[in-house]
Amino acid sequence: MKGFEKYQKSYFMPPAECYDWVKKDAIDKAPVWCSVDLRDGNQALIEPMGLEQKVAFFKMLVKIGFKEIEVGFPAASETEYNFLRTLIERKLIPADVTVQVLTQAREHIIRKTFEAVDGAPNAIVHVYNSTSVAQREQVFCKSKEEVKQIAVDGAKLLKELAGEVKGNIRFEYSPESFHGTEMEYAVDVCNAVLDIWKPEKDAKAVVNIPSTVENAMPHVFASQIEYVHKNLNYRDNVVLSLHPHNDRGTGVATAELGILAGADRLEGTLFGNGERTGNLDIVTTAMNLHSHGVDSKLDFTNMQEIADMYEELTDMKVSMRQPYAGELVFTAFSGSHQDAISKGMAYHDEGKSKYWTVPYLPIDPKDVGRTYDSDVIRINSQSGKGGVAYVLKQNFGIVLPDKMREEVGYLMKGVSDHEHAELSPDDMLKIFRKNYSMVKHKFDVPECHFKQENGIIASVSIKEGDKVTVVEAKGNGRLNAVNNAIRKHFGNVYHLAEYEEHSLSRNSNAVAICYVGITMDNDEKLIWGVATDEDIITASVHALVNAVNKTIK
């Protein structure tokens with residue numbers, strides 16, 4: 001592919017080695033989460049949300065558990081301004097939730113922002129300006145000192161105006177385009193802002209580091225963040241925040257390594273929605289913590305409900321393969337995967353492990369409101385015997401004999417392959433019944449009677465069309481005696497080779513299901529028949545009849 005020659009690495013490494021983050025193997029507590037769905041996510045929509053849509057989205061975020069929510073850029077448009085005023089005037093902001101508003105470091109925009117935020121019980125005013133080489137040279141045409149002064153002037157105005165409005169106001173600063181900024185200079189600008197605010201333990205400031213355009217690998221960002229972490233003034237009174245974008249597709253990795261490197265807080269959106277390739281995907285990041293046994297402090301128990309509402313309000317789509325939230329992320333079609341999952345689920349159900357260790361499933365689907373019977377294993381032409389057996393058992397209580405599984409598996413695969421379609425559980429049940437319990441009958445056994453006389457003697461009524469013939473035969477058990485009567489009548493050379501049965505329910509009206517496998521003379525291939533009845537003998541006789549009917553031409 002041509003064109004690569006015009007690119008080069010456009011980020012700056014720290015002036016000193018910053019690799020302490022490498023020594024850590026896990027995140028042991030949740031960061032502070034800040035949703036920017038209502039600002040970053042909203043401005044990325046083809047059709048931005050209206051007022052009531054944004055109110056509904058805000059309520060959903062509160063329900064999920066977000067304690068910090070960026071609600072917009074109130075100086076940017078009337079809709080943004082009115083939304084914040086609506087939240088305040090309708091008293092929709094819970095006492096433990098802080099709303100955040102964004103503003104450029106420009107006087108008239110800052111003043112409009114404070115006008116909008118007046119009366120919010122708890123608010124963060126987030127001021128930013130770009131500090132990168134490219135922006136300094138190409139956009140602002142200003143020196144390092146001039147650009148730093150923009151940040152300082154903005155910080156001074158925030159501090160001045162905070163005393164003129166009602167509510168508890170905190171401050172946040174972002175050096176936009178951080179990746180393209182020299183590390184020493186980025187920290188210098190942040191410290192100049194902090195020197196104005198002089199944050200205290202009970203009034204911490206937020207320094208937010210954005211990967212505005214993600215152009216460095218995650219490990220580079222981690223080293224950059226560690227340098228910031230080690231060189232910020234007032235560090236104990238500063239919340240070090242990250243705002244990862246996803247231009248390289250590594251936003252989640254960038255965030256996780258940044259937390260290892262010393263960050264305390266993450267800004268992102270529910271499913272990674274944001275301009276260009278999006279923001280940090282908070283659902284994925286939070287659920288990654290969950291999968292390592294760490295309480296994320298966010299509640300995604302009703303993941304499908306959240307995804308549905310997100311799609312309705314934003315007109316965006318959650319991908320079928322979106323981690324943790326997509327329709328197919330817990331679904332296995334592959335035969336080998338299905339076999340491992342079904343065995344792992346059985347191991348889990350038997351209580352053999354304290355922890356979740358089911359192969360191919362990083363978390364228990366039930367944690368996010370999914371079900372085993374319809375979500376975990378689904379059947380198509382790629383599926384195997386283990387998956388087919390699992391679906392029949394989970395949905396209908398049908399426990400296939402081991403020697404029957406392969407045949408039923410190939411049967412289902414064949415139908416799916418021929419129809420080029422996935423099989424639903426109901427489809428599978430119909431196919432199973434058609435092939436094993438609703439066999440086209442050349443004969444039937446409407447009744448049989450037994451008496452004990454040196455074994456069992458069976459008097460078997462064999463019906464062919466309108467003709468009924470009663471045949472007597474002896475056996476070492478009832479099914480064996482009926483089998484001998486059928487063989488005697490037809491002169492068939494077959495052998496009763498396999499028999500299994502179990503209950504389909506556990507109540508007093510339990511229905512029995514029986515599986516009978518027969519073999520023809522000189523052929524070991526099993527021919528199966530299945531039947532159900534409240535009476536176990538009736539079920540076993542009908543299963544035998546179904547099997548034998550498949551051999552009569």
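Atom set for the values below is all heavy atoms of this structure, side chains included, hydrogens, waters and symmetry mates excluded.
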Exercise for review: May I ask you to check whether over 12 heavy atoms, not counting those of Asp315, lie within 6.0 Å of atom CG?
Suggested key: no
**Study point:** Under-4.0 Å salt bridge between Lys144 and Glu184
**Key:** no
**Study point:** CE/Met60: more than 12 non-hydrogen atoms of other groups inside 6.0 Å
**Key:** yes
Practice item. Say whether, by atom type as modelled, one donor and one acceptor occur between the side chain of Asn42 and the main chain of Pro48 under 3.5 angstrom. Key: no
Review point. What pairs with Asn279 under side chain to side chain donor-acceptor pair (under 3.5 Å), at least two apart in sequence or on another chain?
Key: Asp40, His243
Check your understanding: NZ/Lys23 to CG/Leu260 distance, rounded to the nearest 0.5 angstrom?
Key -> 13.0 Å
Check your understanding: Do Lys142 side-chain atoms and Val147 backbone N/O form a donor-acceptor pair below 3.5 Å?
Key -> no
Review point. Side chains of Glu115 and Tyr81: is there a donor and an acceptor less than 3.5 Å apart?
Key: yes
Study note, to complete from the structure: Rounding to 0.5 Å, atoms CG (Asp367) and CZ (Phe330) come to a distance of 8.0 Å
Review point. Can you tell me if Gln135 and Asn129 form a side-chain donor-acceptor pair at under 3.5 Å?
Key: no
Return a table of donor-acceptor pairs under 3.5 angstrom between the side chains of residues 155-162 and protein atoms on other chains or two or more places apart.
residue : atom : partner : partner atom : Å
Lys159  : NZ   : Ile196  : O            : 2.9

Point to revise | Under 3.5 Å side-chain donor-acceptor pair for Ser211 and Thr254 | key: no
**Study point:** Residues forming a side chain to side chain donor-acceptor pair (under 3.5 Å) with Asp247, sequence neighbours excluded
**Key:** Arg276
Review point. How would you list all residue pairs meeting salt bridge (charged side-chain N to carboxylate O under 4.0 Å, His left out) that involve residues 256-269, not counting sequence neighbours?
Key: Glu68-Arg265, Glu172-Arg265, Arg235-Asp264, Arg265-Glu267
Revision key, fill the gap. Taken to the nearest 0.5 Å, the spacing of Arg370 CZ from Leu361 CG works out to 10.5 Å
Study note, to complete from the structure: Taken in chain and number order and not counting sequence neighbours, the residues that satisfy ring-ring contact (aromatic ring centres under 6.0 Å, His included) with His348 are Trp356
Review point. Quick one: ring-ring contact (aromatic ring centres under 6.0 Å, His included) pairs with a partner in residues 143-196, sequence neighbours left out?
Key: Phe171-Trp197, His179-Phe221
Practice item. Please determine if Arg39 and Glu70 form a salt bridge, counting it only when a charged side-chain N lies under 4.0 Å from a carboxylate O. Key: yes
Check your understanding: Just how far is it from atom CE of Met320 to atom CD of Glu327, taken to the nearest 0.5 Å?
Key -> 4.5 Å
Point to revise | Glu305 side-chain N/O to Asn302 backbone N/O, donor-acceptor pair under 3.5 Å | key: no
Review point. So does Glu5 have more than 12 non-hydrogen atoms from other groups sitting under 6.0 Å from CD?
Key: yes
Review point. Which residue pairs pass the ring-ring contact (aromatic ring centres under 6.0 Å, His included) test when at least one of the two sits in residues 150-170, sequence neighbours left out?
Key: none
Practice item. Write out all pairs satisfying ring-ring contact (aromatic ring centres under 6.0 Å, His included) with one or both partners inside residues 249-272, taking only residues at least two apart or from two chains. Key: Phe271-Tyr310
Review point. Got a sec, which pairs hit ring-ring contact (aromatic ring centres under 6.0 Å, His included) with one end in residues 88-136, sequence neighbours left out?
Key: none
Point to revise | Leu38 CG to Gln100 CD distance, which is reported to the nearest 0.5 Å | key: 11.5 Å
Check your understanding: Would Lys201 and Asp236 pass as an ion pair if we require N to O under 4.0 Å?
Key -> no
Revision key, fill the gap. When rounded to the nearest 0.5 Å, the distance separating NE2 of His290 from CG of Asn288 is 11.0 Å
Review point. Taking only residues two or more places apart in sequence, or in another chain, which ones meet Glu422 in a side-chain contact (heavy atoms from CB on, under 4.5 Å)?
Key: Phe333, Arg378
**Study point:** Donor-acceptor under 3.5 Å (Ser132 side chain, Gly180 main chain)
**Key:** no
Exercise for review: Show the numbers, then the answer: is there a salt bridge (charged side-chain N to carboxylate O under 4.0 Å, His left out) between Lys413 and Glu419?
Suggested key: CA-CA 10 Å; Lys413 282 163 60 83; Glu419 297 183 359; over 6 Å; no
Practice item. Taking atom NZ of Lys29 as the centre, report whether more than 12 heavy atoms of other residues, nucleotides or ligands fall under 6.0 Å from it. Key: no
**Study point:** Side chains of Ser77 and Thr79, donor plus acceptor under 3.5 Å
**Key:** no
Atom pairs and distances, donor-acceptor, side-chain atoms in residues 10-20, under 3.5 Å, two or more places apart:
residue : atom : partner : partner atom : Å
Ser10   : OG   : Asn215  : ND2          : 2.9
Asp20   : OD2  : Lys230  : NZ           : 2.9

Review point. Taking atom types as modelled and ignoring hydrogens, do the side chains of Ser174 and Asn208 form a donor-acceptor contact shorter than 3.5 angstrom?
Key: yes
**Study point:** NZ/Lys198: more than 12 non-hydrogen atoms of other groups inside 6.0 Å
**Key:** yes
Exercise for review: Would you please name every residue forming a side-chain contact (heavy atoms from CB on, under 4.5 Å) with Glu312, sequence neighbours left out?
Suggested key: none
Check your understanding: Is Asp364 paired with Lys366 through a side-chain N to carboxylate O contact shorter than 4.0 Å?
Key -> no
Review point. Between the side chains of Thr181 and Thr131, is a donor N or O closer than 3.5 angstrom to an acceptor N or O?
Key: yes
